[in-house]
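When a ligand or atom number is given, it counts from 1 through the structure's own listing order. Residue numbers run from 1 in the order of the sequence given.
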Amino acid sequence: MLDSPYVRRTAISLRLLGIPFTHRNWSVFRNFDEFRRVNPLVKAPTLVLDDGTLLTESSLIIDWAQSISSNAPLMPDDAAQRLRATRLIGIAIAASEKSVQIVYEHKRDEDKRDAGWLHRVQGQLRSAYDLLEREVDGANGWLFGNTPTQADVSIAVAWGFTQIVAADVIDAEAYPNLARFARQAEQHPDFAALPPV
Ligand SMILES: N[C@@H](CCC(=O)N[C@@H](CS)C(=O)NCC(=O)O)C(=O)O
């Protein structure tokens with residue numbers, strides 16, 4: 001489902017790379033049995049290729065899509081910029097992961113939640129967005145030129161997801177650069193075509 005930041009970053013990337021796909025809006029929880037019949041790992045995203053090959057892990061799927069695409073690459077050409085993009089993607093993925101961990105912890109009954117663990121994860125989440133807020137400071141439009149890169153996709157998708165599931169931890173007003181950046185990104189047709197909810 002597109003409410004998963006991993007699924008959404010993959011789907012937006014496939015669109016940007018011009019790779020057509022059919023999207024099944026399955027939940028790894030509500031559609032567990034259906035999902036398991038396709039992929040026993042029940043991991044989202046799962047991409048099933050025409051020859052039946054199953055791919056998982058958003059970054060690997062995106063790498064593979066990049067390797068067969070004739071569209072502009074989603075990583076900058078310049079080595080220093082590519083390194084920066086790689087660093088930013090790592091932070092954005094950590095922000096997504098920490099947000100998902102908060103969601104999973106809240107699936108437990110309140111008296112079974114681990115307050116110490118939640119505190120740790122919330123702190124890590126804040127650190128990720130504190131770093132990203134400084135990185136998009138002054139950014140006007142995309143981070144590396146006129147078109148979105150994987151860093152833009154991963155940051156905007158992570159931000160949108162966190163605002164849905166953990167806005168009480170990450171107050172958008174405290175992160176004006178990120179809020180503005182994500183608002184602009186969401187207007188791009190390939191983002192707008194794949195909304196998180
Ligand atoms: N590192 C993986 C994370 C994917 C992931 O954890 N997806 C979640 C949905 S947001 C999932 O499949 N959860 C079910 C499970 O782990 O059992 C990626 O980038 O694709």
Side-chain angles (χ1 to χ4, degrees), residues 1-17 19 21-49 52-69 73-75 85-109 112-114 117-118 120-122 124-125 127-129 131-132 148-170 182 185-186 190-191 194-197:
M1 293 178 67
L2 292 169
D3 65 357
S4 156
Y6 308 110
V7 173
R8 190 165 184 243
R9 73 188 279 265
T10 305
I12 291 172
S13 301
L14 291 184
R15 271 185 79 101
L16 289 167
L17 290 167
I19 311 287
F21 62 94
T22 305
H23 173 222
R24 301 252 184 275
N25 202 31
W26 288 351
S27 160
V28 286
F29 296 105
R30 286 188 301 284
N31 305 98
F32 185 85
D33 291 334
E34 221 167 352
F35 210 128
R36 193 165 51 170
R37 280 194 285 277
V38 172
N39 180 358
L41 300 174
V42 195
K43 287 297 293 182
T46 290
L47 181 67
V48 187
L49 305 189
T53 304
L54 282 185
L55 296 182
T56 52
E57 282 294 324
S58 56
S59 297
L60 298 179
I61 296 172
I62 293 165
D63 271 1
W64 171 81
Q66 184 81 76
S67 75
I68 62 156
S69 169
L74 297 181
M75 291 298 275
T86 302
R87 183 169 59 80
L88 298 183
I89 294 164
I91 301 170
I93 290 175
S96 289
E97 185 186 296
K98 295 299 147 190
S99 302
V100 169
Q101 287 175 350
I102 290 172
V103 172
Y104 287 175
E105 196 60 28
H106 281 91
K107 286 187 181 294
R108 298 180 200 277
D109 292 337
K112 304 250 169 29
R113 287 181 203 152
D114 184 334
W117 170 251
L118 258 180
R120 175 197 157 101
V121 170
Q122 289 169 349
Q124 290 170 297
L125 183 61
S127 297
Y129 282 120
L131 289 168
L132 291 175
T149 63
Q150 187 51 233
D152 298 285
V153 173
S154 297
I155 293 171
V157 166
W159 175 261
F161 177 66
T162 303
Q163 286 305 299
I164 291 169
V165 301
D168 55 329
V169 182
I170 302 297
E186 293 294 347
D190 290 337
F191 284 72
L194 296 161
V197 281

Check whether more than 12 heavy atoms from other residues, nucleotides or ligands sit under 6.0 Å from atom CZ of Arg120, and answer yes or no.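 No, because the 6.0 Å sphere around CZ of Arg120 holds 12 heavy atoms or fewer from other groups.
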Considering residues, nucleotides and ligands other than Arg113, do more than 12 of their heavy atoms fall under 6.0 Å from its CZ? yes
Decide whether the shortest distance between a heavy atom of Phe32 and an atom of ligand 1 is less than 4.0 Å.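 No.
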Do Phe35 and Phe29 make the cut of ring centroids closer than 6.0 angstrom?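 No.
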Closest non-hydrogen protein atom to [atom], residue and atom name please, with distance?
{"atom": "atom 1 (N) of ligand 1", "value": "Glu57 OE1, 2.9 Å"}
{"atom": "atom 17 (O) of ligand 1", "value": "Val42 O, 4.0 Å"}
{"atom": "atom 12 (O) of ligand 1", "value": "Ala44 N, 2.9 Å"}
{"atom": "atom 6 (O) of ligand 1", "value": "Lys43 NZ, 2.9 Å"}
{"atom": "atom 10 (S) of ligand 1", "value": "Ser4 OG, 3.2 Å"}

With respect to Arg9, determine whether any N or O atom, backbone or side chain, lies less than 3.5 Å from an N or O atom of ligand 1. no
Is any N or O atom of Ser58, backbone or side chain, closer than 3.5 Å to an N or O atom of ligand 1? yes
By number and element, which atoms of ligand 1 are closer than 4.0 Å to a non-hydrogen atom of Pro45?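 Within the 4.0 Å cut-off of Pro45, ligand 1 contributes 20 (O).
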With heavy-atom distances below 4.0 Å as the criterion, list the atoms of ligand 1 near Tyr104. 8 (C), 9 (C), 11 (C), 13 (N), 14 (C)
Start with the C-alpha gap between Ile164 and Asp3, add the side-chain angles, then the distance that decides, and say whether side-chain contact (heavy atoms from CB on, under 4.5 Å) holds. CA-CA 9 Å; Ile164 291 169; Asp3 65 357; 6.0 Å; no
For ligand 1, which part of Thr56 has a heavy atom less than 4.0 Å away: the side chain, the backbone, both, or neither?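 Neither; no heavy atom under 4.0 Å.
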Taking all heavy atoms of Tyr6 and all of Ala44, pick out the closest pair and write down the distance. CB-O, 4.2 Å
So Thr46 and Thr56, side chain to side chain donor-acceptor pair (under 3.5 Å) or not? Walk me through it. CA-CA 5 Å; Thr46 290; Thr56 52; over 6 Å; no
Arg108 and Glu105 ion-paired at < 4.0 Å: yes
Is any side-chain heavy atom of Met75 less than 4.5 Å from a side-chain heavy atom of Ile89?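 In short, these two side chains touch, coming nearer than 4.5 Å.
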